[in-house]
Amino acid sequence: MIDTAKVIAWYRANARDLPWRRPGTTPWGVLLSEVMSHQTPVARVAPIWEEWIARWPTPADLAAAPTDDVLRAWGTLGYPRRALRLKECAQTLVDASDGSVPRSVPALLALPGIGDYTARAVAAFAYGQAVPVVDTNVRRVYARAVLGRPVARPQKAELEWVAELLPADDAAVFSAGLMELGALVCTASSPTCSSCPLRDDCAWLAAGSPAPTADELARRKVQKFAGTDRQVRGKIMKVLREATEPVPQSAIDIVWPDDAQRSRALYSLLEDGLAAQDADGRFRLP
Ligand code: SF4
């Protein structure tokens, strides 16, 4: 079982000092942090988030920014389509309203690039609403502490499970606490149960900390990055980000030896609107 008061107390004493958690962060700042942190470690996100919020403190500022500036500022966060989607999201906010970030999950879900997790996270962390927020960390803590076993993948009922736990007061703090507990203590490969606030009531610990199943071990395997099209795309994007003017094909050709893979990566960047080709055949950020 999960004692909400223990999670909240632990979070208040142990939460990392992430810049978007500081007082005064706007809903727009929270939205940026959630999109940036998706699939990227927070340590890499923090400096980029600070730069973005200083340059584009409102959706209107980002909507008005040149796309190449936005992609350069995204830097090496990875999955740069997220930067384009954030700019589209900002434009939608400006077009649809006064540029403010909506409060309700359905209204947030209607924005470009905002999925179910992000909509819930913004509703909870920007507006303090009592909506369940479930990411891989929350899922893992719940699975171990309550079910006593890992769960293979997102579960149909998981939002209901977590909704039932939400306290009347401080629901968003509890949600952030559960997430932080999964990130810092109840980690996938080496949970430090001795310092966990849930250790007295944890079903997995009570069952003798059963070893992970083969299925769970397989899921923990970190996807390899080296040699993937994603790596090649990243190398081409680096050339385009660092160039002060359009570059010839030869500048792209030197980043990767495999012609077919390099062409595929370049074509996909053009398709995704992350790169553009001029009439003279040279390449640049859009
Ligand atoms: S006691 Fe261990 S397994 Fe249980 S929730 Fe805490 S860290 Fe996770």
Side-chain angles (χ1 to χ4, degrees), residues 16-22 25-26 28-91 93 101 111-115 117-118 121-122 135 183 222-248 251-256 261-262 264-277 282-286:
R16 289 168 292 180
D17 176 29
L18 301 175
W20 48 88
R21 287 180 176 164
R22 292 174 194 155
T25 299
T26 61
W28 173 240
V30 173
L31 187 152
L32 285 181
S33 74
E34 291 297 338
V35 173
M36 289 178 168
S37 303
H38 194 62
Q39 296 177 302
T40 307
V42 291
R44 278 173 58 202
V45 170
I48 307 268
W49 181 88
E50 291 191 288
E51 183 191 336
W52 273 54
I53 207 67
R55 285 178 78 171
W56 303 305
T58 68
D61 296 314
L62 184 64
T67 302
D68 57 341
D69 278 0
V70 173
L71 287 171
R72 282 195 181 90
W74 190 259
T76 56
L77 281 187
Y79 300 103
R81 268 175 293 187
R82 288 182 293 170
L84 294 186
R85 299 293 274 165
L86 274 171
K87 187 164 156 54
E88 282 172 47
C89 175
Q91 188 63 58
L93 290 172
V101 174
L111 297 170
I114 304 299
Y117 164 79
T118 307
V122 172
D135 70 350
V222 180
Q223 274 187 334
K224 83 177 174 73
F225 175 67
T228 61
D229 283 8
R230 201 155 78 74
Q231 185 186 20
V232 185
R233 281 166 59 100
K235 286 179 176 289
I236 297 172
M237 284 300 288
K238 183 168 187 286
V239 171
L240 301 183
R241 274 199 315 273
E242 292 175 354
T244 53
E245 53 186 32
V247 300
I252 306 278
D253 288 347
I254 58 173
V255 304
W256 196 254
Q261 191 177 23
R262 194 181 60 244
R264 190 166 66 232
L266 178 58
Y267 182 74
S268 72
L269 290 172
L270 292 165
E271 281 277 293
D272 289 346
L274 290 163
Q277 189 171 23
R282 298 201 302 167
F283 298 94
R284 57 175 171 78
L285 291 178

With sequence neighbours left out, the residues meeting salt bridge (charged side-chain N to carboxylate O under 4.0 Å, His left out) with Arg82 are none
Trp256 meets the ring pair (Phe, Tyr, Trp, His ring centres under 6.0 Å) criterion, sequence neighbours left out, with none
Those residues at least two apart in sequence (or on a different chain) that pass ring pair (Phe, Tyr, Trp, His ring centres under 6.0 Å) with Trp74 are Trp52
I need the [X] [atom1] to [Y] [atom2] distance, nearest 0.5 Å.
{"X": "Met237", "Y": "Leu71", "atom1": "CE", "atom2": "CG", "result": "4.5 Å"}
{"X": "Gln91", "Y": "Leu86", "atom1": "CD", "atom2": "CG", "result": "13.0 Å"}
{"X": "Leu269", "Y": "Phe283", "atom1": "CG", "atom2": "CZ", "result": "10.0 Å"}
{"X": "Leu274", "Y": "Asp68", "atom1": "CG", "atom2": "CG", "result": "12.5 Å"}
{"X": "Thr76", "Y": "Ile48", "atom1": "OG1", "atom2": "CD1", "result": "5.5 Å"}
{"X": "Tyr79", "Y": "Asp272", "atom1": "OH", "atom2": "CG", "result": "13.0 Å"}

Which pair of non-hydrogen atoms, one from [X] and one from [Y], has the smallest distance, and what is that distance?
{"X": "Trp28", "Y": "Pro57", "result": "CD1-O, 3.2 Å"}
{"X": "Pro112", "Y": "Cys89", "result": "O-CB, 3.6 Å"}
{"X": "Val70", "Y": "Ala65", "result": "CG2-CB, 3.8 Å"}
{"X": "Gly29", "Y": "Ile53", "result": "CA-CD1, 3.7 Å"}
{"X": "Pro286", "Y": "Gly273", "result": "CG-O, 3.2 Å"}

Are any side-chain N or O atoms of [X] and backbone N or O atoms of [Y], one a donor and one an acceptor, separated by less than 3.5 Å?
{"X": "Arg284", "Y": "Glu245", "answer": "no"}
{"X": "Arg72", "Y": "Arg241", "answer": "yes"}
{"X": "Lys235", "Y": "Val255", "answer": "no"}

Which atom pairs, one a donor and one an acceptor, fall under 3.5 Å between side chains of residues 30-38 and the rest of the protein, sequence neighbours left out?
unit_1	atom_1	unit_2	atom_2	d
Ser33	OG	Val30	O	2.7
Glu34	OE1	Tyr117	OH	2.9
Ser37	OG	Ser33	O	2.7

[X] vs [Y] side-chain heavy atoms within contact, under 4.5 Å:
{"X": "Ile252", "Y": "Leu266", "answer": "yes"}
{"X": "Trp49", "Y": "Thr25", "answer": "yes"}
{"X": "Arg22", "Y": "Asp17", "answer": "yes"}

Could you pull out all residues at least two apart from [X] that satisfy side-chain contact (heavy atoms from CB on, under 4.5 Å)?
{"X": "Ala64", "answer": "none"}
{"X": "Ala265", "answer": "Val232, Arg233, Ile236"}
{"X": "Arg264", "answer": "Asp229, Gln261"}
{"X": "Arg21", "answer": "Tyr11, Ala15, Arg16, Leu18, Glu180"}

The side-chain hydrogen bond (donor to acceptor under 3.5 Å, both in side chains) partners of Gln39 (sequence neighbours excluded) come to none
Lys238 meets the side-chain hydrogen bond (donor to acceptor under 3.5 Å, both in side chains) criterion, sequence neighbours left out, with Glu242
Run the salt bridge (charged side-chain N to carboxylate O under 4.0 Å, His left out) check on Arg262 and Asp253 step by step: do they pass?
-> CA-CA 7 Å; Arg262 194 181 60 244; Asp253 288 347; 3.2 Å; yes
So the salt bridge (charged side-chain N to carboxylate O under 4.0 Å, His left out) pairs with at least one residue in residues 55-67 (sequence neighbours excluded) are Glu51-Arg55, Arg55-Asp69
